[in-house]
Engineer: 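Supplied in C-alpha cells, the structure appears directly below.
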Amino acid sequence: MKKLFLDDLRTVDMVYDYSQISEFEVVRSYVEFVAYIQKNGLPDFISFDNDLGLNELGEVAPDGYAAAKWLVYESGLDLRELQFKVHSANPVATDQIRGLLNNYIKFLKE
C-alpha cells in the first residue's frame, strides 16, 4: 500500500505509530505533493496537514485544502478508492478537507 504524508513540520511518528514510518513517503509542500502524484500516481492513502507554512518568498504557502482541491478539480485521477486522514490541528480546515474529499468520493461512487 502506497502512503503519502503531507506536512511541513511533523514527522510520521508524531501522528502515527513509530512502526509505520517506513510505510510513508513524506512531502513538505503543495508543490511537492503535486509533483509526487504526477510522477508516482495516486497513493492508496494520504495523510493531510492543512497549514504548510511559508513559501520561498515568505508568503503563506498553498495549504492542504489546496492539495485536496487539486486532487478533485485538476488531477483527473479516479479517487473512488482513496483512503485519507486529516491530521491538521486546524478544525475548520480539517472539516473542509474531509468534506470535499468525502463528498467527491461519494459522488464518484453513485
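Numbers here simply count residues along the sequence, with the first being 1. Side chains included, hydrogens not; waters and symmetry mates left out as well; all remaining heavy atoms used. Everything numeric here is computed off the predicted structure, so don't read it as measured data.
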Engineer: According to a 4.5 Å side-chain heavy-atom criterion applied to Ile, Leu, Val, Met, Phe, Trp and Tyr, with indirect links allowed, do Met1 and Phe84 form part of one hydrophobic cluster?
Structural biologist: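 No, it is not one cluster - the side chains of Met1 and Phe84 are not joined through contacts under 4.5 Å.
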Engineer: Working to the nearest 0.5 angstrom, can you tell me the gap between Leu101 CG and Asn103 CG?
Structural biologist: 9.5 Å
Engineer: Can you find a pair of side-chain heavy atoms, one from Leu42 and one from Asp78, that are under 4.5 Å apart?
Structural biologist: no
Engineer: Going from CD1 on Ile46 to CG on Leu82, what distance comes out if it is rounded to the nearest 0.5 angstrom?
Structural biologist: 5.0 Å
Engineer: Taking the side chain as every heavy atom from C-beta outward, state whether Leu100 and Tyr65 have any pair of such atoms under 4.5 Å apart.
Structural biologist: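 SC-SC contact between Leu100 and Tyr65 confirmed.
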Engineer: Does Val86 reach the side chain of Asn50, with side-chain heavy atoms less than 4.5 Å apart?
Structural biologist: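 The answer is no; the side chains never approach within 4.5 Å.
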Engineer: Check whether any side-chain heavy atom of Phe107 sits under 4.5 Å from a side-chain heavy atom of Leu79, and report yes or no.
Structural biologist: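 Contact flag for Phe107/Leu79 side chains = no.
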Engineer: Spell out, yes or no, whether Tyr104 and Tyr73 are grouped together once hydrophobic residues are joined by side-chain heavy atoms under 4.5 Å, including indirect joins.
Structural biologist: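 Same cluster: Tyr104 reaches Tyr73 through Ile, Leu, Val, Met, Phe, Trp or Tyr contacts under 4.5 Å.
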Engineer: Could you walk me through whether Tyr18 and Thr11 satisfy the side chain to side chain contact (heavy atoms under 4.5 Å, CB included) test, starting with their C-alpha distance in whole Å, then the side-chain angles of each, then the deciding distance to 0.1 Å, before giving a yes or no?
Structural biologist: CA-CA 10 Å; Tyr18 186 81; Thr11 56; over 6 Å; no
Engineer: Does anything in residues 22-40 form a side-chain hydrogen bond (donor to acceptor under 3.5 Å, both in side chains)? List the pairs, not counting sequence neighbours.
Structural biologist: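 Sorted pair list: Lys3-Glu23.
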Engineer: Please, which pairs that meet salt bridge (Lys or Arg N to Asp or Glu O under 4.0 Å) have at least one residue in residues 47-73, sequence neighbours excluded?
Structural biologist: Arg10-Asp49
Engineer: Could you please spell out the steps behind the ring pair (Phe, Tyr, Trp, His ring centres under 6.0 Å) verdict for Phe24 and Tyr16?
Structural biologist: CA-CA 10 Å; Phe24 284 90; Tyr16 299 96; 5.0 Å; yes
Engineer: Atom CD1 of Ile97 and atom CG of Asn102: how far apart are they, to the nearest 0.5 Å?
Structural biologist: 11.5 Å
Engineer: So which atom in Leu6 and which in Gly64 form the shortest heavy-atom distance, rounded to 0.1 Å?
Structural biologist: CD2-CA, 4.1 Å
Engineer: Please step through side chain to side chain donor-acceptor pair (under 3.5 Å) for the pair Ser88 and Asn90, ending with a clear verdict.
Structural biologist: CA-CA 5 Å; Ser88 175; Asn90 180 330; 5.3 Å; no
Engineer: I need the Leu4 CG to Ser47 OG distance, nearest 0.5 Å.
Structural biologist: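 Here the interatomic distance stands at 9.0 Å.
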Engineer: Linking I/L/V/M/F/W/Y whenever their side-chain heavy atoms sit closer than 4.5 Å, directly or via other members, would Val27 and Trp70 fall into one cluster?
Structural biologist: yes
Engineer: Nearest 0.5 Å, what's the CD-CZ distance between Gln96 and Phe48?
Structural biologist: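 Answer rounded to 0.5 Å: 13.0 Å.
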Engineer: Assess whether side chain to side chain contact (heavy atoms under 4.5 Å, CB included) is satisfied between Val60 and Leu54, documenting all intermediate values.
Structural biologist: CA-CA 4 Å; Val60 175; Leu54 304 176; 4.3 Å; yes
Engineer: Return yes if some donor-acceptor pair links the side-chain N/O of His87 with the main-chain N/O of Val15 below 3.5 Å, else return no.
Structural biologist: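 No; zero donor-acceptor contacts below 3.5 Å.
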Engineer: Distance from Lys85 atom NZ to Phe5 atom CZ, nearest 0.5 Å?
Structural biologist: 9.0 Å
Engineer: Do the non-hydrogen side-chain atoms of Ile37 and Leu71 ever get within less than 4.5 Å of each other?
Structural biologist: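 Yes. Closest side-chain heavy atoms under 4.5 Å.
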